[in-house]
Peer 1: 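Take this structure, written in structure tokens, and hold onto it; I'll ask about it next.
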There are 2 protein chains.
Amino acid sequence: MANATPSSKSKAARMKEDTVVDLSAIRTTCQNCGLYKLCLPMGLAEGDMDKLDKVIKRRRKIEKGEHLYRMRDTFSTVYAIRSGSVKTYTSIENGSEQVTGFHLPGELLGLNAVSTKFHTDSAMALETTSVCEVPFDRLEDLTREIPSMQHHILHVMSEEIQSDHCQLMMIAKMPAEARLARFLLSLSNHFDNRGYSSSEFNLSMSRNDIANLLGLAVETVSRLFSHFQDQGLLTVERKHIVIHDMDGLMDVTTKCPSQPLPNDSSSNQAS
Amino acid sequence: MANATPSSKSKAARMKEDTVVDLSAIRTTCQNCGLYKLCLPMGLAEGDMDKLDKVIKRRRKIEKGEHLYRMRDTFSTVYAIRSGSVKTYTSIENGSEQVTGFHLPGELLGLNAVSTKFHTDSAMALETTSVCEVPFDRLEDLTREIPSMQHHILHVMSEEIQSDHCQLMMIAKMPAEARLARFLLSLSNHFDNRGYSSSEFNLSMSRNDIANLLGLAVETVSRLFSHFQDQGLLTVERKHIVIHDMDGLMDVTTKCPSQPLPNDSSSNQAS
DNA sequence: CGAAGCGTTGAGTGCTTTCAATAGTTGTGG
DNA sequence: CCACAACTATTGAAAGCACTCAACGCTTCG
């Protein structure tokens, strides 16, 4: 995903990733990382940032298809995505997999393994991806010195819970077209937040992965892309997406069959 | 759910809830609570337990249908279920709800709101339920004094994430009958852990809630119960469940259509 | 250039839902 | 205490959405 079309008139954030880093090549710090707002340090004081900087191993490069970690690996480090994109997925006894999310630059991965000693999901790069590695035991130490750091860890985890709940709702209640529309809008929104075009971008994940995430068959996803295109909502060519009618897509996401309507008090009673 | 059939030959755990508490009525402490292993204090030293005890407000009683908290309420306290059962659910813009889980004695509720200031889900009692209230700011203070407490909070949250992922997998990949079978076995297992019968219990939630959790229509759930009964797997009468063939139910949970079989290397490659 | 994998499209099937009607349960008020 | 209302649960029949099966074009890579 991260290979989004860099929209000609894009914002400053775009160049920080590579330009700034390469110029002041000596040492990259969190302060001059364009993603710092999305990543670990939220509201950290200067001194705290320095402490954090000393702990982080920067810029490990992961090739497409490689794993950051696999399920059941011992949990020792947390990963912050600098560029590229990653999918996380869990597999169950019978061998089938469930994609649990796609992750873009600025996101933190691996925290859900806290306290379990072992990773409970796997993380695979969808394209060449660079990450910062944060040894968790060191981070845990910092936690005691920097209260806001602990808060941030909790924040990341509770956000994942919310995101999962949203995903559950989507798969349980929404028809296929609404799921895909919502997925695309979600992506669009993420790119927007990172200073890329919200209406034109490349998908870094396969149709298979999308289908898996959304609880659909690959063929269904493929057909839906075609339908959306026929309706003039977007143009899709392989991985390249151009959204023409954002509002139209929004409408699709609300096409849920059984809407109890504002007529509340329906399922709100105990059994 | 907690009104499980108290299986005539049940274990000691059963009587602690009411008997012990009422006799040594002066003050209930975490130490003499039969659920302490499931609840907050994991591996706490004696002194730590005392600190915790001083923070907890015990035994608030919630009637069936009442809420412990609602979505968007300001988050201030965490709830530990002592007896009864609770459902948590989120609602989305359009008004439809998604049940995210049922919760039994010993479970901790509300933690997913940490860091957001507001609850992101609602919690409603499915029957008369008694809870311990833990003011979160006090708990947060304890966190600094008792390292294992912080660990436990993280543990509870990461368990919820895992549970959500499991739920996702289930709704996305499993046919209806497998979902209900899995749900029943999960309940059975929980009761077993709490010293109740694993093969005979009462459901405290409605068919509607079950259907909602599993992403099915109410009618489908009803039909499945009947089918299971016809197959001799269990007996169901209203809320009362007796499981006759635990292994048979297990088999049902593995009836997934597209099992990629041990023949791996399928979807494990990047796109 | 051929093999392998990804993506698209078509046809047919089936699982689950929706619609509809009935029975059982709970709660309230006369 | 019974009757009526409201809700929950069950069952049947029909319809539909998404899946499976299958074939083919396109892209990638050795």
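What's counted below: heavy atoms across the whole structure, side chains too, no hydrogens, waters or symmetry copies. Letters go in sequence order (proteins before strands), and every chain restarts at 1. Since this is a predicted model, take the numbers as computed values, not measurements.
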Peer 1: Please state whether the phosphate of C/dT16, meaning OP1 or OP2, lies under 4.0 angstrom from any side-chain nitrogen or oxygen of B/T220.
Peer 2: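 So the side chain of B/T220 is outside the cut-off, no N or O lying under 4.0 Å from OP1 or OP2 of C/dT16.
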Peer 1: Within a strict 4.5 Å, meaning less than it, do heavy atoms of the B/S186 and B/H190 side chains meet?
Peer 2: yes
Peer 1: Find every protein N or O atom lying less than 3.5 Å from an N or O atom of nucleotides 20-29 of chain C, and list the pairs.
Peer 2:
none

Peer 1: Can you list the residues that meet the side chain to side chain donor-acceptor pair (under 3.5 Å) rule with A/S199, with sequence neighbours excluded?
Peer 2: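 Only A/S197 meet the side chain to side chain donor-acceptor pair (under 3.5 Å) criterion with A/S199.
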Peer 1: Can you tell me which residue among B/I210, B/L203, B/D209 is in a side chain to side chain contact (heavy atoms under 4.5 Å, CB included) with B/S206?
Peer 2: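 When side chain to side chain contact (heavy atoms under 4.5 Å, CB included) is applied between B/S206 and each of B/I210, B/L203, B/D209, only B/D209 qualifies.
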Peer 1: Can you measure B/L203 atom CG to D/dT8 atom P for me and round it to whole angstrom units?
Peer 2: 15 Å
Peer 1: Measuring from the side chain of A/A217 (C-beta onward, heavy atoms only), which nucleotide among C/dT16, C/dT8, D/dT20 has the closest atom?
Peer 2: D/dT20
Peer 1: Let me know the distance between CE of A/M174 and C1' of C/dT16, rounded to the nearest Å.
Peer 2: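 Taking atom C1' of C/dT16 as the reference, CE of A/M174 is at 19 Å.
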Peer 1: Rounded off to whole Å, could you give me the CG-to-C1' distance for the A/L224 and D/dC19 pair?
Peer 2: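 Computing the A/L224:CG to D/dC19:C1' distance gives 13 Å.
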Peer 1: Between the base of C/dG7 and the side chain of A/R223, is there any donor-acceptor pair under 3.5 Å?
Peer 2: no
Peer 1: Check residues 223-232 of chain A and write down every donor-acceptor pair under 3.5 Å in which the side-chain atom is one partner and the other belongs to a residue at least two apart or another chain.
Peer 2:
| unit_1 | atom_1 | unit_2 | atom_2 | d |
| --- | --- | --- | --- | --- |
| A/S226 | OG | A/S222 | O | 3.2 |
| A/Q229 | OE1 | A/V236 | N | 3.0 |

Peer 1: Could you state the CD-P distance from A/Q229 to C/dG7, rounded to the nearest angstrom?
Peer 2: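 Those two atoms, CD and P, are 15 Å apart.
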Peer 1: Are side-chain heavy atoms of A/M124 and A/H67 found at a separation under 4.5 Å?
Peer 2: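 Heavy-atom side-chain distance check passes, below 4.5 Å.
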Peer 1: Whole angstroms only, please: what is the NE2-P distance between B/H227 and D/dT10?
Peer 2: 12 Å
Peer 1: Could you state the atom-to-atom distance from CG of B/N202 to P of D/dA9 in whole Å?
Peer 2: 13 Å
Peer 1: Would you say B/T88's side chain and B/A123's backbone share a donor-acceptor pair under 3.5 angstrom?
Peer 2: no
Peer 1: Can you spot which of A/T220, A/L214, A/T253, A/V252 makes a side chain to side chain contact (heavy atoms under 4.5 Å, CB included) with A/L180?
Peer 2: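 So, applying the side chain to side chain contact (heavy atoms under 4.5 Å, CB included) to A/L180 and each of A/T220, A/L214, A/T253, A/V252, only A/L214 qualifies.
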Peer 1: When the distance from CE of A/M205 to C1' of C/dG5 is rounded to whole Å, what number comes out?
Peer 2: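 Roughly 18 Å, once rounded to whole Å.
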Peer 1: For A/K239 and D/dT27, is the shortest distance between a side-chain N/O and OP1 or OP2 below 4.0 Å?
Peer 2: no
Peer 1: Return no unless some side-chain N or O of A/S222 is found under 4.0 Å from OP1 or OP2 of C/dT9.
Peer 2: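 The answer is no; no side-chain N or O of A/S222 sits under 4.0 Å from OP1 or OP2.
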Peer 1: Nearest whole Å is fine: how far is C/dT16 C1' from B/F225 CZ?
Peer 2: 17 Å
